[in-house]
K.L.:
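Here it is, the structure in full.
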Amino acid sequence: LVIARKRLEEVGASATLVSACAEALPFGANSFDRVVSLATLEHVREPERALVESRRVHDRDGVLFVTTPNPCRIGPDRYFGVWGLSAMPQRFQASLARGLKGLPFDKVRSIDHFALRSMAPDAGFRRVQSLAPDAPTSELGGVMRAAGWLYERLPEQGALALPRLLLGPDLRLVAYK
């Protein structure tokens, strides 16, 4: 919050900043028309409960936007740079991450496309839409750059968009109350 407050001051903006548990938000029902969760659900103990709370604080026409790293992504894991790490069993993820970087990974839960798609309706959202993310091809080299080029040519909508949704770097979801 200190960094966020400083950045707000730098641009001459103000906002109320709150640190809270996603599974028990300190706001009344129907408080917001938008809730944004960027790379958060994989870090909370009960992501399903966090989505229920997001719905509770939405007003009648509320919209939720969620992103989470894709465990089935083509390429290295975003936290440790290990190919396929998020797709490995949780116990192996933790051991490998600790061995490679000396960091804990046991608090990160991999959420795939199908799990995320089912969590939102289970939390009470009436309409759910998956969005296909872009791949940062300019940051890639070699084979990954070629894979990114192919990925970018897949359609974003319709049946042919499924590989883009399943293999993209992140999962993105929009849900309506």
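In this text, all values refer to a predicted model and were calculated from it rather than measured experimentally.
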K.L.:
Closest approach of R34 and D61, non-hydrogen atoms and distance?
P.N.:
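The answer is NH1-O, 4.4 Å.
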
K.L.:
Would you mind checking if R49 and E53 are paired as a salt bridge, meaning a charged N to carboxylate O distance below 4.0 Å?
P.N.:
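Yes, charged N to carboxylate O under 4.0 Å.
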
K.L.:
Looking at L116, V128, L131, D170, which one forms a side-chain contact (heavy atoms from CB on, under 4.5 Å) with V66?
P.N.:
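Answer to the side-chain contact (heavy atoms from CB on, under 4.5 Å) test with V66 among L116, V128, L131, D170: L116.
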
K.L.:
Are the aromatic ring centres of F125 and H58 under 6.0 angstrom apart?
P.N.:
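Here the rings of H58 and F125 have centres that are less than 6.0 Å from each other.
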
K.L.:
Is any side-chain heavy atom of L8 closer than 4.5 Å to a side-chain heavy atom of S14?
P.N.:
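Answer no - side chains too far apart.
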
K.L.:
If I take atom CZ from residue R7 and atom CG from residue L17, how far apart are they, to the nearest 0.5 angstrom?
P.N.:
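Answer for the CZ-CG pair, R7 versus L17, is 12.5 Å.
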
K.L.:
Output yes when a side-chain donor or acceptor of E23 lies under 3.5 Å from a complementary backbone atom of E46, and no otherwise.
P.N.:
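Judged by distance alone, yes, a pair lies under 3.5 Å.
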
K.L.:
Do V36 and V63 share a hydrophobic cluster (ILVMFWY, side-chain heavy atoms under 4.5 Å, transitive)?
P.N.:
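In one cluster with V36: V63, yes.
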
K.L.:
Going from CG on D112 to CZ on R73, what distance comes out if it is rounded to the nearest 0.5 angstrom?
P.N.:
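Result: 15.0 Å between the selected atoms.
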
K.L.:
Establish whether L100 and F92 are linked, either directly or via other cluster members, by ILVMFWY side-chain heavy-atom contacts under 4.5 Å.
P.N.:
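Hydrophobic grouping puts L100 with F92.
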
K.L.:
Restricting to non-hydrogen atoms, name the atom on P69 and the atom on P71 that form the minimum distance, rounded to 0.1 Å.
P.N.:
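Closest approach of P69 to P71, heavy atoms only: O-CD, 3.3 Å.
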
K.L.:
Which atoms form the tightest heavy-atom contact between T68 and I111, and what is the distance?
P.N.:
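Reported closest heavy-atom pair: CG2-O, 4.3 Å.
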
K.L.:
Please confirm whether the backbone N or O of F27 pairs with a side-chain atom of R56, one donor and one acceptor, at under 3.5 Å?
P.N.:
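Yes.
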
K.L.:
Going only through I, L, V, M, F, W and Y residues with side-chain contacts under 4.5 Å, is there a path from F32 to Y176?
P.N.:
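Each belongs to a different hydrophobic cluster.
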
K.L.:
Spell out, as yes or no, whether a donor-acceptor pair under 3.5 Å connects the side chain of S31 to the backbone of G28.
P.N.:
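Answer holds: yes.
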
K.L.:
Would you check if the side chain of R55 reaches a backbone N or O of G124 as a donor-acceptor pair within less than 3.5 Å?
P.N.:
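The answer is yes, because a donor-acceptor pair under 3.5 Å joins these two groups.
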
K.L.:
Quick one: does any side-chain atom of T40 pair with a main-chain N or O of L38 as donor and acceptor, under 3.5 Å?
P.N.:
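At least one qualifying donor-acceptor pair exists.
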
K.L.:
Give the intermediate values and the outcome of salt bridge (charged side-chain N to carboxylate O under 4.0 Å, His left out) for residues R109 and E48.
P.N.:
CA-CA 12 Å; R109 173 182 172 182; E48 298 86 355; 3.1 Å; yes

K.L.:
Once you round to the nearest 0.5 Å, how far does SG of C72 lie from CZ of F114?
P.N.:
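The SG atom of C72 sits 8.5 Å away from the CZ atom of F114.
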
K.L.:
With a 4.5 Å cut-off on side-chain heavy atoms, are V35 and V57 touching?
P.N.:
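Side-chain contact under 4.5 Å: yes.
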
K.L.:
What pair of heavy atoms forms the shortest contact from P47 to M119, and how long is it?
P.N.:
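For P47 and M119, the tightest heavy-atom pair comes out as CB-SD, 4.1 Å.
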
K.L.:
Under a 3.5 Å distance rule, please check whether N70 uses its side chain to pair with a backbone N or O of G168 as donor and acceptor.
P.N.:
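Confirmed, N70 side chain pairs with G168 backbone.
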
K.L.:
I'd like to know if L165 and L167 are part of one continuous hydrophobic network [Ile/Leu/Val/Met/Phe/Trp/Tyr, side-chain heavy atoms within less than 4.5 Å].
P.N.:
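They do not share one cluster, since no chain of ILVMFWY contacts under 4.5 Å joins L167 to L165.
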
K.L.:
Would S130 and R117 count as a side chain to side chain donor-acceptor pair (under 3.5 Å) if you check the C-alpha gap in whole Å, the side-chain angles of each, and the deciding distance to 0.1 Å?
P.N.:
CA-CA 8 Å; S130 296; R117 284 284 305 195; 3.2 Å; yes

K.L.:
Looking at every non-hydrogen atom in both residues, tell me the closest pair between A120 and L51 and how far apart they are.
P.N.:
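Reported closest heavy-atom pair: N-CD1, 4.0 Å.
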
K.L.:
Report, as yes or no, whether the 6.0 Å neighbourhood of atom CD1 on I3 holds more than 12 heavy atoms from other residues, nucleotides or ligands.
P.N.:
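No, the 6.0 Å shell around CD1 holds no more than 12 heavy atoms from other groups.
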
K.L.:
Examine distances only and state if a side-chain atom of R126 and a backbone atom of K177 form a donor-acceptor pair shorter than 3.5 Å.
P.N.:
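Indeed, once roles are kept as given, a pair shorter than 3.5 Å links the two residues.
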
K.L.:
So which heavy atom on N30 is nearest to which on R60, and how close?
P.N.:
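In this case the closest contact between N30 and R60 is OD1-N, 4.4 Å.
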
